[in-house]
Amino acid sequence: MPTKKTTPKVHLPDRDDGNSVVLERKTLRTKPPQMFQVLMLNDDFTPMEFVVMVLQEFFSKDRESATQIMLQIHLDGKGVCGVYSKDVAATKVDQVMDAARKAGHPLQCVAEPIE
């Protein structure tokens with residue numbers, strides 16, 4: 001649901017009384033921020049245990065949830081790791097990609113907008 005913000009609007013009436021200023025409130029509707037889902041993509045080289053460790057470390061998943069997501073990635077070719085704002089999603093992708101490169105794995109991670 002959109003958030004309501006109130007902004008004062010200055011209305012200057014006829015200057016019959018000399019100094020009066022009337023303030024009116026106008027309600028503005030703002031959209032919630034665009035959300036992005038972070039996906040990990042399957043490959044034939046990255047160990048399943050590494051994927052589980054990444055899900056626990058960077059996405060705060062417990063062992064069981066991380067294992068379920070890892071199996072989804074393995075069976076479906078991709079899996080949703082989490083849903084975040086654009087900046088947070090980009091940071092998560094960078095963290096995963098950096099950890100994979102340092103460990104010598106070709107793991108791919110992407111963020112895509114949720115419609």
Side-chain angles (χ1 to χ4, degrees):
M1 176 176 286
T3 307
K4 291 183 180 181
K5 288 190 177 180
T6 305
T7 306
K9 179 180 177 183
V10 177
H11 172 69
L12 299 174
D14 294 332
R15 292 281 180 172
D16 292 338
D17 62 355
N19 293 326
S20 66
V21 175
V22 177
L23 296 178
E24 295 176 10
R25 293 197 179 267
K26 182 178 179 183
T27 302
L28 302 176
R29 295 192 184 263
T30 57
K31 292 182 182 178
Q34 173 76 49
M35 298 302 283
F36 288 74
Q37 60 185 1
V38 176
L39 302 167
M40 268 197 247
L41 309 178
N42 189 45
D43 64 68
D44 293 332
F45 304 101
T46 304
M48 292 180 182
E49 193 56 41
F50 180 78
V51 174
V52 170
M53 183 274 302
V54 166
L55 288 164
Q56 289 178 297
E57 184 172 336
F58 299 117
F59 298 96
S60 302
K61 303 295 182 186
D62 59 49
R63 180 91 177 157
E64 185 175 333
S65 297
T67 301
Q68 290 300 314
I69 295 169
M70 177 273 298
L71 288 172
Q72 181 184 17
I73 295 165
H74 181 70
L75 297 173
D76 298 340
K78 63 182 176 181
V80 177
C81 304
V83 176
Y84 306 95
S85 65
K86 184 176 183 176
D87 291 340
V88 174
T91 299
K92 298 283 186 186
V93 168
D94 290 344
Q95 289 173 328
V96 170
M97 297 296 287
D98 186 52
R101 296 299 161 261
K102 286 180 180 175
H105 301 303
L107 181 65
Q108 293 295 306
C109 186
V110 297
E112 63 182 30
I114 297 176
E115 298 299 323

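Residue numbers start at 1 and run along the sequence shown.
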Trainee: So which heavy atom on Val38 is nearest to which on Cys109, and how close?
Mentor: CG1-SG, 3.4 Å
Trainee: Return a table of donor-acceptor pairs under 3.5 angstrom between the side chains of residues 69-78 and protein atoms on other chains or two or more places apart.
Mentor:
none

Trainee: Return each pair, listed once, that meets side-chain hydrogen bond (donor to acceptor under 3.5 Å, both in side chains) where at least one residue sits in residues 92-102; pairs must be two or more places apart or across chains.
Mentor: Asp98-Lys102
Trainee: Can you list every ring pair (Phe, Tyr, Trp, His ring centres under 6.0 Å) pair that touches residues 76-99, not counting sequence neighbours?
Mentor: none
Trainee: Please report, to 0.1 Å, the donor-acceptor pairs under 3.5 Å made by any side chain of residues 46-66, with sequence neighbours excluded.
Mentor:
from  : atom 1 : to     : atom 2 : distance (Å)
Thr46 : OG1    : Asp43  : OD1    : 3.1
Thr46 : OG1    : Asp43  : OD2    : 2.8
Thr46 : OG1    : Leu107 : N      : 3.3
Glu49 : OE1    : Arg63  : NH2    : 3.2
Glu49 : OE2    : Arg63  : NH1    : 2.8
Glu49 : OE2    : Arg63  : NH2    : 3.1
Lys61 : NZ     : Cys81  : O      : 3.4
Asp62 : OD1    : Glu64  : N      : 3.1
Asp62 : OD1    : Ser65  : N      : 2.7
Asp62 : OD1    : Ser65  : OG     : 3.1

Trainee: Side chain to side chain donor-acceptor pair (under 3.5 Å) with Asp44: which residues, sequence neighbours excluded?
Mentor: none
Trainee: Ignoring hydrogens and geometry, is there a side-chain-to-backbone donor-acceptor pair from Gln34 to Ile114 under 3.5 Å?
Mentor: yes
Trainee: Is there a chain of hydrophobic side chains (I, L, V, M, F, W, Y, each step under 4.5 Å between heavy atoms) that links Met40 to Met97?
Mentor: yes
Trainee: Which residues satisfy the side chain to side chain donor-acceptor pair (under 3.5 Å) test with Gln108, sequence neighbours excluded?
Mentor: none
Trainee: Would you name the heavy atoms of Phe36 and Pro113 that are closest together and state the gap between them?
Mentor: CD2-N, 3.4 Å
